[in-house]
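In what follows, chains are A, B, ... by sequence order, proteins preceding strands, each numbered from 1.
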Amino acid sequence: MAEQNTTGTGATSGYDPQKVEAKWQKRWAEARVFESESDPAKPKYYVLEMLPYPSGTLHMGHMRNYTIGDVVARVKRMRGFNVLHPMGWDAFGLPAENAAIKNKTHPRTWTNNNIAEFRRVLRRFGFSYDWRREISTCEPEYYRWNQWFFLCMLERGLAYRKKSLVNWCPKCCTVLANEQVVNGGFCWRHEDTRVESREIEQWFLKTTAYSDQLLDDLKQLEGGWPERVILMQKNWIGKSQGAKVKVEVADAPSVGSLEIFTTRIDTIYGATAMILAPAHPLVPKLLEGSPVRAEAEPKLAKMRQTSIKTEDLATMEKEGFFTGRYALNPFSGEKVPIWVGNFVLMEYGTGAIMAVPAHDGRDLEFCRKYKLPVRVVIQPLEGEELVPEKMEKPFDEHNGKLVNSGPFNGLSPDEAIAKMTEFAEQKGFGRGETIFRLKDWGISRQRYWGTPIPVVYCSKDGIVPVPDSQLPVVLPENAKLTGEGGSPLAAMPEFVSAKCPKCGGAARRETDTMDTFVDSSWYFYRYCDPHNDKAPYDSAKVAYWFPIDQYIGGITHAILHLLYSRFWCKVMRDLGLIKHNEPAARLFTQGMVQKGGVAMSKSRGNVVGAEEMAQKYGADTGRLYTLFAAPPEKDLEWSEESIEGSWRFLNRVYRLIERHSNAVRGVKDGKADAAAASVKEKMLLRKVHQTLRRVTSDFETRWHFNSAIALIMELTNDIYSQEPLEQGVRPEVRKEMLELLTLMLAPMTPHLAEELWEMLGHSEGLWKTGWPAFNQELAREDEVEIVVQVSGRVRGRVKVSAGAGEEEVLKLALADAGVAHHADGKRIVKKIFVPDKLLNLVVAGS
RNA sequence: GCCCGGGUGGCGGAAUGGCAGACGCUGAGGACUUAAAAUCCUCCGGGGAUUUUUCCUCAUGUGGGUUCGACUCCCACCCCGGGCACCA
């Protein structure tokens, strides 16, 4: 039994993780332990970790994510749930293409090699995936359903094509979604590359059709999703209620009117200018025939130039110029100048605002700079009266009353918003409107390694969808990849030339491919029915497994992936495929694994390779350490020294059970009898059941794996301190203790636990065993130590039987030397007694 | 600027109103060993008193507050990390 282990750490014990882990992985696979089928008779639990993009090396940062998911999956299995725990690959994407260009291989080769590597390492860690359900998004069997969904959306007007200004990354040579532009104008993949603006025709999905639902349904996620993720989504959707108001331009009948958007229509009498975005299409018209045209046009040209460069918007100085034109305030009839301002965004609202300097910070800054007048139209209810000339800060709160506002004087802002919006509607120059920051999702990519968008362009029939029967539009294998000059597919005549499905004439095939966020927006549905070739999935299977009970991933996906997934879910619901509104009931965002204070990454050269770890210590030690070193939601600083502690602990447990294995393996399972127990037995049984009670709650409700492990370590230390157990601890008691210890470790270090289980005399795998129930009777303390405070400071401790009353405790407390020293001769003015815990005597005087 | 997190020994962290520092790492000392490794045991926040046992005192970013009692709750501030950022 006591062979030398083969790890590189030099520890001696019979524990050989390499052997143990290989042995049990084989047994699990043979017994098909982790394969699950929908079974309405059993309660289900769907636990999912975000699917990885298979590139680079799997490091301990990845493993932490999967370990957390695996612990949850294993605990739920032990709890009797029918658990779905799948894994797959986010296999399309730019890095494959870039790597292929660099290494002169095919993206598919590169990707599949990576997948094989990832799969091997994940298997090496013993994660309890149902590998039969594995999916890879770059396979036609998968992406044909991307195309199918796209066509469904096209049919319903949810997919459309439009020319638009797009974010163009010169390094990627492709369009980026707004969400992929980071740090105020840089590519999310190339953080040193500034994104440019280009106008290009491309495909969009109408996420804005679901703006309200995407916002409102966040309420259903409260409690299940981290608050900050909900908040980030809320901000991203950016709902804003206000009004659009039509403003006539004076003395320019050819220009007509312009429209502004405001959330504070109540302040409209305070508007001292109208300001247009530089990109506003009306600006050139206003300048035509304007007295200031000559000086204004160069300014406009310059401003339009800079706005394209996406200069640091936040810190940019407010600039503007007068157009020489005036607008008529529809409420007051007042003539106010029309300006152009660089801080007004064409993409938001109507691209035009009214400037109310007294009640908006940006307007105040702008008007002060250009000496435009300030007029107060809301006076605060409390405090000093506002004087326009003296205002340094705007008054933008709602607790005031209207002044200088004609018939609306005296109203509160909120009343005025309602009344004035109504008035504008009646007069026909405005209406209440809600606008969103959320935009439609641009999915066109001018790249090769993605899902082809299934449409053709016919000179006669226009845009024609590829019929269902012709799906998938297969990505050709022999594209030339150079990384330059746009889409590789466009350079392939054999791909581009197509027949129009309608008229049979010559047509041109779409060469854009889809954003990879499409792939990951619904992959978790496919896991329920991964080999279906008639539909993306069988709705009945999805109805059983969904929603995802626990989704686990990084905070980096808090907006993009999760928002798109939620959108996709709602579209599928409206297609009649599913009935639920939200894909994931609970979301957990785990912390990063860092080394040297920064996240592990290949480019920083600070990765701790997963396989390396498995070879040196074994997967179980690696798993245990990532769970032990920090609570799962917090970042974890990797320490080569600390992991030794986890390794030592597992060896310690192994030796303990190895030592008692012979004595207990023959013992029939019989619960230890509390009444007949010796003092030593009672103490140990109490400890083990107390530990079980707390570990159970740490697993179930709190996910405090680190403190659960600490408790199990403590238990192990206590058992060691009672050695030799042969003296005073019967084999059946030893067996119960060691079994519970093993079962508690099982979700975290599953291979070792199986081995120990076998050593304890079980011929059937631990996987067949449920989570143990703790014995309340055995866990109960019969003697407790009560802390005695005098005026809030600890002065002594007394031992009493559990449940002892205040009087008894007080008597003992006063007899305690330390307590007596501080309390004698003083009047006790108050006694606070917490049964089994504390007695605080508040004494008078100092 | 706004919105979230977070700040506890040499280090990772524990304690969600009741003994601050569980558990682990590092370090020191000891046992075993020819020796080393491994293992096992003891100690390990600061200051002070005490020969010892032990006792007092300060201490959870800073300053206030609530409370018999605060790492924990409230107010203000400082620092670190993250997200959003002229959104009208």
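Contact check on Arg431(A) versus Glu259(A) returns a salt bridge, with a Lys/Arg side-chain nitrogen under 4.0 Å from an Asp/Glu carboxylate oxygen. Checked for salt-bridge contact, Arg659(A) and Glu723(A) meet the test: a charged N lies under 4.0 Å from a carboxylate O. With respect to Lys687(A) and Glu714(A), a salt bridge is recorded, a charged nitrogen being found less than 4.0 Å from a carboxylate O.
Heavy-atom distances to RNA chain B give each of Ser707(A) and Gly792(A) a nearest nucleotide, and the one nearer the 5′ end belongs to Ser707(A). Where Arg793(A) and Thr262(A) meet RNA chain B, the nucleotide closest to each residue was compared, and Arg793(A) sits on the side nearer the 5' end.
G29(B) sits 13 Å from A37(B) when the P atoms are compared, rounded to a whole Å. With P as the reference atom, U62(B) and C11(B) are 15 Å apart, rounded to whole Å. Taking atom C1' on both nucleotides, A28(B) is separated from C73(B) by 41 Å, rounded to a whole Å. Spacing of P atoms, U51(B) relative to U66(B), comes out at 42 Å, to the nearest Å. Taking atom C1' on both G17(B) and U53(B), the two are 34 Å apart, rounded to the nearest angstrom. Rounded to whole Å, the C1' atom of G13(B) lies 8 Å from the corresponding atom of C23(B). Taking atom C1' on both A70(B) and G18(B), the two are 10 Å apart, rounded to the nearest angstrom. Taking atom P in both A15(B) and U8(B), the straight-line distance is 15 Å, to the nearest Å.
As rounded to whole Å, 22 Å separates atom P of C86(B) from atom CH2 of Trp339(A). Atom-to-atom, CD1 of Ile719(A) to P of C40(B) comes out at 14 Å; the value is rounded to the nearest Å. For Ile230(A) and C4(B), the CD1 to P distance is 14 Å, given to the nearest whole Å. Note: NE2 (His704(A)) to C1' (C23(B)) measures 15 Å, nearest angstrom. Residue Lys634(A) contributes atom NZ, which lies 9 Å from atom P of U8(B) at whole-angstrom precision. The distance from atom CE of Met713(A) to atom P of G13(B) is 15 Å, rounded to the nearest whole Å. The CD atom of Gln789(A) sits 8 Å away from the C1' atom of C19(B) (whole-angstrom rounding). The distance between atom CG of Asp360(A) and atom P of G1(B), rounded to the nearest whole Å, is 18 Å.
Between Trp339(A) and Phe366(A), the two ring planes are perpendicular [angle over 60°; tilted spans 30° to 60°].
Defined by atom type and a distance below 3.5 Å, a donor-acceptor pair is missing between the side-chain atoms of Asn235(A) and Arg437(A).
Here Val344(A) lies in heavy-atom contact (under 4.0 Å) with a base. Among the protein residues, Glu785(A) comes within range of the nucleic acid bases, having at least one heavy atom under 4.0 Å from a base atom. As judged by a 4.0 angstrom heavy-atom cut-off over every strand, Thr263(A) is placed among residues touching the sugar-phosphate backbone only.
Neither OP1 nor OP2 of C23(B) sits under 4.0 Å from any side-chain N or O of Arg648(A). Between G24(B) and Asn717(A), a contact under 4.0 Å exists linking OP1 or OP2 to a side-chain N or O. Applying the 4.0 Å criterion to OP1 and OP2 of A88(B), one finds that Ser240(A) has a side-chain N or O inside that range. Between Asn706(A) and A14(B), a side-chain N or O to OP1/OP2 separation shorter than 4.0 Å is present. Proximity of Arg437(A) to the phosphate of C84(B): no side-chain N or O atom is located under 4.0 Å from OP1 or OP2. Put simply, Arg702(A) has a side-chain N or O that comes within less than 4.0 Å of OP1 or OP2 on A15(B). The phosphate of A38(B) has neither OP1 nor OP2 within less than 4.0 Å of any side-chain N or O from Arg652(A).
Considering only side-chain atoms of Val794(A), the nucleotide from G24(B), C19(B), C25(B) that sits closest is C19(B). Of the candidates C4(B), G12(B), A88(B), A88(B) carries the atom nearest the Tyr348(A) side chain, counting heavy atoms from C-beta on. Checked against C23(B), C19(B), A88(B), the side chain of Glu714(A) finds its nearest nucleotide in C23(B). The Arg795(A) side chain lies nearest to C56(B) when the options are C56(B), U39(B), A14(B). When each of C87(B), G24(B), G18(B) is scored by its nearest atom to the side-chain atoms of Ser642(A), the top-ranked nucleotide is G24(B). Ranking G13(B), U57(B), C40(B) by closeness to the Tyr720(A) side chain, first place goes to C40(B). If you check C3(B), A14(B), C23(B) against the side chain of Leu231(A), the one that comes closest is C3(B). Minimum atom distance to the side chain of Arg655(A) is reached by C40(B), of the listed C40(B), C58(B), A88(B). Candidate nucleotides G18(B), C19(B), U57(B) were compared by shortest atom distance to the side chain of Arg797(A), and C19(B) ranks first. Ranking A22(B), C25(B), A88(B) by closeness to the Ala710(A) side chain, first place goes to A22(B).
With contacts defined as side-chain heavy-atom distances shorter than 4.5 Å, the pair Glu781(A)/Gln690(A) qualifies. Within the 4.5 Å cutoff, the side chain of His689(A) has heavy atoms near those of the Leu740(A) side chain. Here the side chains of Ile719(A) and Leu715(A) are in contact, with some heavy-atom distance below 4.5 Å. Residues Val842(A) and Ile832(A) form a side-chain contact, since some pair of their non-hydrogen atoms from C-beta on lies under 4.5 Å apart.
Lys318(A) contributes a side-chain N or O that forms a donor-acceptor pair with the base of C86(B) under 3.5 Å. In this model, no side-chain donor or acceptor of Glu644(A) finds a partner on the base of G24(B) within 3.5 Å.
Remark: aromatic rings of Trp638(A) and Tyr625(A) are close, center separation under 6.0 Å.
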Mind listing the side-chain donor-acceptor pairs of residues 703-713 of chain A below 3.5 Å, one per line with the distance, residues two or more places apart or on another chain?
from      : atom 1 : to        : atom 2 : distance (Å)
His704(A) : ND1    : Arg702(A) : NH2    : 3.4
Ser707(A) : OG     : Asp698(A) : OD2    : 3.3
Ser707(A) : OG     : His704(A) : O      : 3.2

- For RNA chain B, what is the dot-bracket line, given that a base pair needs Watson-Crick (N1 to N3, plus N6-O4 or O6-N4) or G-U wobble (N1-O2 and O6-N3) geometry with both distances under 3.5 Å, and | means paired with another strand? (((((((..(((.....[....))).(((((.......))))).(((((....)))))..(((((..]....))))))))))))....
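Taking syn as a glycosidic angle within 90° of 0, G9(B) qualifies as syn.
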